[in-house]
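Here the structure is a predicted model, which is why all the values come from computation and not from measurement. Starting from 1, each residue takes its place in the sequence as its number.
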Amino acid sequence: MTSLSPPAGSELGGTNVTIRGLFPTRTNNLKCLFDDQESIWAKWISREEIVCTSPTAKLTSLLTPAVNVSVLINGEDKEHDSLQFSYHPASHISSLSPLFGYLPGGTMLHISGGGFVEIDETMAMCMFGDTNSKVKATVISGSLLKCIVPESHVPRTVTVGVSFNSGYDFVFSDIGFTYIKEPVLNELFPKFLPLSGGIVSLKGEHFSNISKGLVWCFVRSTVVEGHRVNDTTITFVAPAFDQDGSAPIRLSINGIDFSQTGPILTYLTPPQVKNVFPSFAHHEAGGIIVTVTGSGFQQSQYMSCVFSYSSSEKKYTSASFVSERAITCPVPTDVVGVVSSQLEVSLTGDSYHNNPSIPFGYRESVHILSINPQAGPIS
């Protein structure tokens with residue numbers, strides 16, 4: 001005998017071991033011995049090859065895993081050359097993380113269980129659903145290994161198996177790994193936020209596969225949790241940042257794989273509002289144009305003046321950019337019984353509690369009843 005493969009198998013036995021050497025006589029009276037235990041099954045394949053199925057390991061084989069393998073032909077002729085075969089503890093899979101990933105593959109799958117061994121760094125493997133989807137695995141410990149999920153052409157759930165002897169024997173999980181379509185990210189609302197952050201809605205497709213409605217959004221340098229509202233909408237709270245900036249929103253539905261692209265979210269510093277002229281308007285004079293001066297104004301289709309009459313009542317009017325230090329906007333119409341308000345400028349089309357603001361007042365209209373005298377000298 002010159003070689004055998006695989007060189008190891010489970011203590012439960014059942015590993016088909018291929019033995020190579022010189023076996024010139026075809027015979028059905030063939031046995032393999034693993035130390036003094038007979039193989040479960042043996043078959044002559046060719047003059048150079050036979051196959052034997054390993055028996056269950058004895059307790060002594062677990063204490064000293066390597067056993068000698070020899071061949072009996074016709075019950076008498078024992079091959080004197082022996083090779084070694086090693087038993088390893090029976091393995092099992094208890095959990096997978098994550099439980100789903102995208103069709104192109106590439107997900108780093110962590111498999112937890114027991115009896116994981118690294119006989120050789122090239123011998124650990126994962127299998128996904130069928131024998132054509134085998135990939136190399138890395139054993140982290142006796143209870144953890146990882147492997148990269150291969151691609152799938154269609155959405156499906158597949159069984160996951162692990163092998164520690166180059167794919168000769170696999171142990172499979174009771175739970176499966178699910179391939180899903182990668183979500184398509186279309187647009188955000190709002191597209192702009194102040195540095196304090198805020199609630200954002202993300203519109204897209206293929207959100208129906210999100211487990212328990214929970215997702216993860218990568219916002220600039222921070223990962224935050226999001227929630228599926230329906231099959232086309234996700235909401236999340238964008239965190240605060242201390243500098244202006246823009247970055248794509250990247251989405252993960254399994255906490256590991258994030259989309260490479262996404263709609264752009266921009267953080268803007270709120271403008272500093274210094275003065276407004278005129279500083280008041282008459283109740284019946286809605287629509288007059290006021291000039292707001294300050295700093296940090298930017299050209300934005302969402303820029304607006306926000307007139308706050310109470311914590312719950314606000315009115316917005318579209319602002320026109322003049323310069324970085326000035327804008328103009330109309331005063332809201334239909335303002336009745338209001339004495340004062342707070343005026344702020346929003347670049348995002350929304351109002352936030354910490355935006356800088358200044359007072360803007362309202363007065364009753366002046367009604368001229370009479371003029372006395374009604375005439376006078378020219379000079």
For [X], which residues count as a side chain to side chain donor-acceptor pair (under 3.5 Å) partner, sequence neighbours excluded?
X	answer
Glu182	none
Arg250	none
Ser320	none

Looking only at atom types and distance, does a side-chain atom of [X] sit under 3.5 Å from a main-chain N or O of [Y], one as donor and one as acceptor?
X	Y	value
Thr235	Ser201	no
Ser141	Ser143	yes
Ser323	Arg325	yes
Ser310	Glu313	yes
Ser259	Leu251	yes
Gln37	Thr56	yes
Glu11	His88	no
Ser340	Gly361	no
Thr157	Thr178	no
Trp216	Asn254	no

Per side chain to side chain donor-acceptor pair (under 3.5 Å), Arg228 is matched among Asp231, Asn230, Thr232 by Asp231
Worksheet item: Is the distance between the ring centroids of Tyr362 and Phe280 less than 6.0 Å?
Response: no
Report yes or no: do [X] and [Y] form a side-chain donor-acceptor pair below 3.5 Å?
X	Y	value
Asn372	Ser370	no
Glu344	Ser357	no
Thr293	Lys274	no
Asn68	Ser70	no

> Can you check side-chain hydrogen bond (donor to acceptor under 3.5 Å, both in side chains) on Asn29 and Thr27, steps first, answer last?
Replying inline: CA-CA 5 Å; Asn29 190 3; Thr27 178; 5.6 Å; no
Report yes or no: do [X] and [Y] belong to one cluster of Ile/Leu/Val/Met/Phe/Trp/Tyr joined by side chain heavy-atom distances under 4.5 Å?
X	Y	value
Leu99	Ile253	yes
Phe34	Val51	no
Val290	Tyr309	yes
Phe360	Met303	yes

Pairing of Lys58 and Asp35 as salt bridge, 4.0 angstrom limit: no
request  = Using a 4.5 Å cut-off on heavy atoms from C-beta on, say whether the side chain of Lys134 contacts that of Phe128.
outcome  = no
Open item on the list: Taking the side chain as everything from C-beta on, heavy atoms only, tell me whether Ser112 gets closer than 4.5 Å to Ser94.
Closed with: yes
Result for ring pair (Phe, Tyr, Trp, His ring centres under 6.0 Å) between Phe164 and one of Phe170, Phe116, Tyr87 points to Phe116
Here the salt bridge (Lys or Arg N to Asp or Glu O under 4.0 Å) pairs for residues 43-54, sequence neighbours left out, are Arg20-Glu49
Residues 149-178 vs salt bridge (Lys or Arg N to Asp or Glu O under 4.0 Å), sequence neighbours excluded, gives Asp130-Arg156
Does a sphere of radius 6.0 Å around [atom1] in [X] hold more than 12 heavy atoms from other residues, nucleotides or ligands, not counting ones at 6.0 Å or beyond?
X	atom1	answer
Glu324	CD	no
Phe321	CZ	yes
Lys315	NZ	yes
Ile148	CD1	no

For residues 102-111, the side-chain hydrogen bond (donor to acceptor under 3.5 Å, both in side chains) pairs (sequence neighbours left out) are Thr107-Asp257
Exercise for the section: For salt bridge (Lys or Arg N to Asp or Glu O under 4.0 Å), just list the numbers for Glu187 and Lys203, CA-CA rounded to whole Å, side-chain angles, deciding distance to a tenth of an Å, and then say yes or no. Expected result: CA-CA 5 Å; Glu187 59 180 347; Lys203 298 289 186 178; over 6 Å; no
